[in-house]
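Each remark here refers to the structure printed beneath this line.
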Amino acid sequence: MVIDKIIGTAKKEGRPYLTELESKQILKEAGINTTEVKLARTKEEAISLSKEIGFPVVLKIVSPDVLHKSDAGGVKLSLKNEKDVGKAFDEIISSIKKHEPTANIQGVSVQHMARPGTEVIIGMSKDPQFGPVLMFGLGGILVEVLKDVSFRIVPLTRRDAREMIREIKGYPILEGYRGQDPANIEVLEETLLKVSDFVENRPEIKELDINPIFAYRDGALAVDARVILEP
Ligand code: ADP
Ligand code: MG
């Protein structure tokens with residue numbers, strides 16, 4: 001299985017952090033909808049992959065040593081043509097070399113620029129007493145500043161999934177506040193249950209962070225993911 005191979009490679013290389021590319025391949029196998037990501041090692045490759053994927057695209061640094069990609073100048077959104085992609089590639093590499101001079105750079109990932117949706121996050125961390133715990137919240141400022149999140153112990157029941165979405169303060173935003181597009185709550189519940197199933201069967205995963213998932217009226221799409229393995 002893809003998962004065993006990815007985990008095996010990381011273990012052999014002695015690194016606990018999986019890249020976004022690896023994390024998304026794993027999530028995809030767990031049945032979670034993610035953007036398709038391709039790895040470019042050169043600028044030329046990034047341009048040809050962008051044409052294959054179709055503009056607009058997003059470029060991101062791929063390095064197990066860069067955890068917060070945007071903070072290090074490692075994410076470029078809405079790239080509309082070959083020229084944008086070439087420039088973004090150079091900017092990402094030089095910014096990472098400046099911010100994290102010792103980072104091992106695998107390349108730059110190329111993915112389609114997803115249409116805007118309501119950003120939500122799903123996380124898993126391990127509690128010394130209760131084991132794996134899932135977190136749900138609205139992405140961005142709402143999570144970082146207001147800590148508007150809910151928690152449940154794995155394995156989640158359908159009722160847990162229902163409740164943890166509804167109990168965050170920002171829930172009205174998901175229902176479609178003031179003309180905003182509503183999110184498909186059922187799909188979010190299903191996604192939580194899939195993550196719960198997945199981490200229950202994979203004790204070698206220490207932490208999981210899907211941040212963000214774009215919630216749409218007709219589905220949900222993970223645009224960033226990070227997996228940390230047990231030592
Ligand atoms: P970071 O490591 O900084 O969390 P992300 O991959 O989450 O990097 O990218 C930062 C932000 O860029 C995301 O929160 C999201 O708003 C936006 N973004 C990332 N990937 C995509 C994508 N494929 N389509 C649209 N927006 C994206
Ligand atoms: Mg992110």
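Below, all heavy atoms of this structure are taken into account, side chains as well, without hydrogens, waters or symmetry copies. Ligands are counted one by one from 1 in listed order, and the atoms in each one are counted from 1 as well.
Counting just the N/O/S atoms of Asp224, the one with the shortest distance to the Mg ion (ligand 2) is named OD2.
Interface of Gln111 with ligand 1, defined as ligand atoms under 4.0 Å from a residue heavy atom, comprises 23 (N). Ligand-side atoms of ligand 1 in range of Asp224: 1 (P), 2 (O), 4 (O), 5 (P), 6 (O), 7 (O), 8 (O), range being under 4.0 angstrom from any heavy atom. The distance from ligand 1 to the heavy atoms of Glu119 drops below 4.0 Å at these ligand atoms: 14 (O), 15 (C), 16 (O). Here is the list of ligand 1 atoms found below 4.0 Å of a heavy atom in Asn211: 7 (O). The ligand atoms of ligand 1 that sit less than 4.0 angstrom from a heavy atom of Val58 are 22 (C), 23 (N), 24 (N). Heavy-atom contacts of Leu67 reach the following atoms of ligand 1: 2 (O) (cutoff under 4.0 Å). Of all atoms in ligand 1, listed by their number and element, those nearer than 4.0 Å to a heavy atom of Phe214 are 25 (C), 26 (N). The Met113 neighbourhood of ligand 1 comprises atoms 24 (N), 25 (C), with distances under 4.0 Å to a heavy atom of that residue.
Of the protein's heavy atoms, none falls inside 4.0 Å of atom 11 (C) of ligand 1.
By the 3.5 Å distance cut-off applied to N or O atoms, His68 is not counted among the residues near ligand 1.
Using a cut-off of 2.8 Å, one finds that Ser70 contributes no N/O/S atom close to the Mg ion (ligand 2).
Taking a 4.0 Å cut-off on heavy atoms, His112 registers as neighbouring ligand 1.
Protein heavy atom in closest approach to atom 13 (C) of ligand 1: Pro212 CD, 3.7 Å. Here the protein heavy atom with the shortest distance to atom 18 (N) of ligand 1 is Leu77 CD2, 3.5 Å.
One distance of note links CD1 of Ile185 with OH of Tyr171; it measures 4.0 Å at 0.5 Å rounding.
Between Met124 and Met135 the shortest side-chain heavy-atom distance does not fall below 4.5 Å. Contact of the Leu134 side chain with the Ser196 side chain is registered, since non-hydrogen atoms from C-beta on lie closer than 4.5 Å. You'll find the side chain of Thr19 stays beyond 4.5 Å of the side chain of Arg226, heavy atoms only. A heavy-atom distance below 4.5 Å is found between the side chains of Glu20 and Lys69. Side chains of Lys60 and Gln111 form a contact here, defined as non-hydrogen atoms less than 4.5 Å apart.
For the residue pair Ser109 and Lys38, no side-chain donor N or O sits within less than 3.5 Å of a side-chain acceptor on the partner.
In this structure, Glu91 places its CD atom where more than 12 heavy-atom neighbours from other residues, nucleotides or ligands lie under 6.0 Å away. For Lys28, the NZ atom counts as loosely surrounded, since its 6.0 Å shell holds 12 or fewer non-hydrogen atoms of other residues, nucleotides or ligands.
Only side-chain heavy atoms of Lys60 come within less than 4.0 Å of ligand 1; its backbone N, CA, C and O stay farther off. Residue-level proximity to ligand 1 for Lys69 is carried by backbone and side chain together, each with a heavy atom below 4.0 angstrom.
At least one cation-pi condition fails for Arg115 and Phe214: the charged atom is not both under 6.0 angstrom from the six-membered ring centre and inside a 45 degree cone around its axis.
Checking Met164, Lys194, Arg166 one by one against Glu189, the side chain to side chain contact (heavy atoms under 4.5 Å, CB included) holds for a single residue, Arg166.
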